[in-house]
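I have placed the structure first, in the form of structure tokens, so that the comments after it can refer back to it.
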Amino acid sequence: MAETVLVIGSGGREHALAWKLAQSVHVKQVLVAPGNAGTVGHGKISNTAAPVSDHAKLAQFCKDNHVGLVVVGPEAPLAAGIIDDLTAAGVRCFGPTAKAAQLEASKSFSKEFMDRHNIPTARWKSFTDPKEACSFIMSADFPALVVKASGLAAGKGVIVASSKEEACKAVNEIMQDKAFGEAGDTVVVEELLEGEEVSCLCFTDGVTVAPMPPAQDHKRLLDGDLGPNTGGMGAYCPAPQITKDFLEKIQDTVLLKTVNGIRQDGAPYVGVLYAGLMLTMDGPKVLEFNCRFGDPECQVILPLLQSDLYDVIVATIDGKLASCMPVWLENHAAVTVVMASGGYPSNYAKGLEITGFQKAGELGLEVFHAGTALKDGKVVTSGGRVLTVTSIKKDLVSALDQANKGVAAIQFQGAVYRKDIGFRAIAYLNQSRCVSEHLI
């Protein structure tokens with residue numbers, strides 16, 4: 001019997017999850033809470049005002065509306081124990097428990113976990129006193145230039161400093177000025193790692209690990225990786241820097257070790273595990289864990305999933321992932337470009353009309369809404385990251401070109417976006433091609 005599925009969240013990631021789940025023959029309806037303008041009423045997908053923050057009321061909502069599955073998009077509800085509470089109430093849901101979600105919710109917990117289980121990561125130390133943190137930065141025998149708020153900060157709680165003085169300033173901004181609120185009561189000071197950064201995600205039922213194609217996010221606001229850090233301005237998948245053999249190594253040394261370790265610690269991990277990695281000269285090292293799909297990585301990974309997402313999720317929850325391993329589209333590349341509000345990641349206007357969706361659709365592109373709302377029948381901006389435009393082509397260069405055409409078709413006042421998503425991969429592919437031709 002076809003199910004009603006509830007997706008929790010309001011971003012591009014949640015629109016992509018709803019879009020993919022709606023393709024399943026096992027799903028008759030996808031409710032999104034609270035959703036955005038893109039999930040208002042498209043085929044099986046619609047928004048709902050489910051009481052997401054009150055777990056007892058949410059469980060009752062699920063029973064009243066015959067919701068057979070809850071899929072949680074963002075990290076905050078997971079850290080708040082939404083999976084624990086809904087499961088206890090008899091509602092089937094997808095994601096890790098609050099204890100397992102500490103891998104993302106607490107940077108200090110995560111670093112201690114990695115040290116305990118011999119998972120490769122940067123050298124580090126955590127502090128609750130800003131003076132002690134600054135003293136460590138000045139005296140460490142490695143470049144202690146990465147300063148992180150230990151708690152959840154919506155993907156923005158990391159400052160990569162260019163000098164010791166700048167790192168100390170970051171400590172004071174986080175701990176004394178409360179730049180990220182209570183998330184910065186504890187800071188983690190970390191070694192600056194050099195190399196290529198990639199995102200390796202997997203489905204896991206607590207025992208089996210099913211890696212997704214590796215992706216690369218672009219955190220900086222402007223082309224050439226310039227400007228301030230953001231929640232992410234675009235992504236591409238797969239990352240050619242990671243071969244199948246290399247992905248197997250990451251699966252063994254990072255993903256499986258993490259799943260086995262947290263199970264041994266008494267918190268079996270079920271859901272999506274995201275490892276942000278730096279490919280250093282000494283091998284891959286973990287920068288951070290996330291306990292859910294990344295945004296915008298989700299918008300390039302799910303379009304490459306050939307399997308039924310609903311089937312994969314149910315197999316994961318039921319501990320049967322080994323018998324339902326996801327199948328991915330081969331020999332294709334996906335690129336997504338984020339369109340953000342002028343002024344993002346600082347102050348920005350809201351309520352600006354957005355046009356050009358039909359033209360983007362005619363180009364064969366998927367537009368996933370994020371900070372959008374409906375006002376008087378028109379789609380308007382309502383957030384920093386407004387939407388993402390996703391293209392799937394046979395190669396990365398073609399996918400980027402098509403995505404950029406879609407971005408050019410969509411208009412709203414002051415829109416900010418990058419035109420070079422995937423530039424590192426394109427450079428890598430060109431270099432590899434040159435080496436191959438030289439060897440011939």
Side-chain angles (χ1 to χ4, degrees), residues 1-11 13-22 24 26-36 38-41 44-106 151-152 154 203-206 262-263 266-274 290-293 295 298 302 308-321 324:
M1 195 175 84
E3 294 261 39
T4 295
V5 178
L6 173 64
V7 175
I8 291 174
S10 62
R13 165 183 52 215
E14 288 75 33
H15 188 182
L17 283 164
W19 167 82
K20 196 67 180 179
L21 285 163
S24 173
H26 306 298
V27 175
K28 66 178 179 183
Q29 183 182 28
V30 182
L31 303 174
V32 189
N36 54 46
T39 53
V40 162
K44 298 179 182 179
I45 305 170
S46 60
N47 290 343
T48 181
V52 173
S53 56
D54 187 323
H55 297 171
K57 286 183 180 176
L58 182 62
Q60 191 59 50
F61 172 92
C62 290
K63 289 171 182 176
D64 292 345
N65 291 275
H66 308 291
V67 172
L69 172 67
V70 176
V71 178
V72 183
E75 61 277 13
L78 294 167
I82 193 170
I83 299 295
D84 310 67
D85 294 342
L86 290 183
T87 302
V91 178
R92 186 164 61 172
C93 44
F94 180 65
T97 61
K99 191 174 177 185
Q102 284 293 296
L103 282 174
E104 176 174 9
S106 170
L152 292 177
F203 293 101
T204 179
D205 59 6
I262 201 143
R263 187 179 68 249
Y269 192 108
V270 177
V272 170
L273 177 66
Y274 168 136
N290 291 330
C291 55
R292 35 71 193 179
F293 275 105
D295 187 339
C298 186
L302 286 185
D308 184 318
L309 177 60
Y310 177 85
D311 285 343
V312 175
I313 285 175
V314 169
T316 301
I317 295 169
D318 292 345
K320 298 176 180 176
L321 184 57
C324 188

Intermediate values then yes/no, side chain to side chain contact (heavy atoms under 4.5 Å, CB included), Leu58 and Ile82: CA-CA 9 Å; Leu58 182 62; Ile82 193 170; 3.7 Å; yes

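Between Val312 and Leu321, the closest side-chain pair of non-hydrogen atoms falls below 4.5 Å.
Of the possible donor and acceptor atoms, one in the side chain of Thr39 sits under 3.5 Å from a partner among the backbone N and O of Asn36. Between the side chain of Lys63 and the backbone N or O of Ala89 there is at least one donor-acceptor pair closer than 3.5 Å. Side chain of Asn290 to backbone of Arg292: no donor-acceptor contact under 3.5 angstrom is found. Distance alone, capped at 3.5 Å, places no donor-acceptor pair between the Glu104 side chain and the Ala101 backbone. Looking only at distances, no side-chain donor or acceptor of Asn47 sits under 3.5 Å from a matching main-chain atom of Gly41. Within the 3.5 Å criterion, the main-chain N or O of Gly206 finds a donor-acceptor partner in the side chain of Arg263.
Residues meeting the side chain to side chain contact (heavy atoms under 4.5 Å, CB included) test with Thr87, sequence neighbours left out: Ile83, Cys93. Residues forming a side chain to side chain contact (heavy atoms under 4.5 Å, CB included) with Thr97 (at least two apart in sequence, or on another chain): Asp84, Lys99, Ala100.
Residues Lys44 and Ala22 come closest through the heavy atom pair NZ-O, 2.9 Å. Counting all heavy atoms, side chain and backbone alike, Glu75 lies closest to Cys291 at CB-SG, 4.3 Å.
Note that CZ of Phe61 and CG of Leu31 are 5.5 Å apart. Values are rounded to the nearest 0.5 Å.
Phe293 and Phe203 have perpendicular rings, their planes meeting at more than 60° on a 0 to 90° scale where under 30° would count as parallel.
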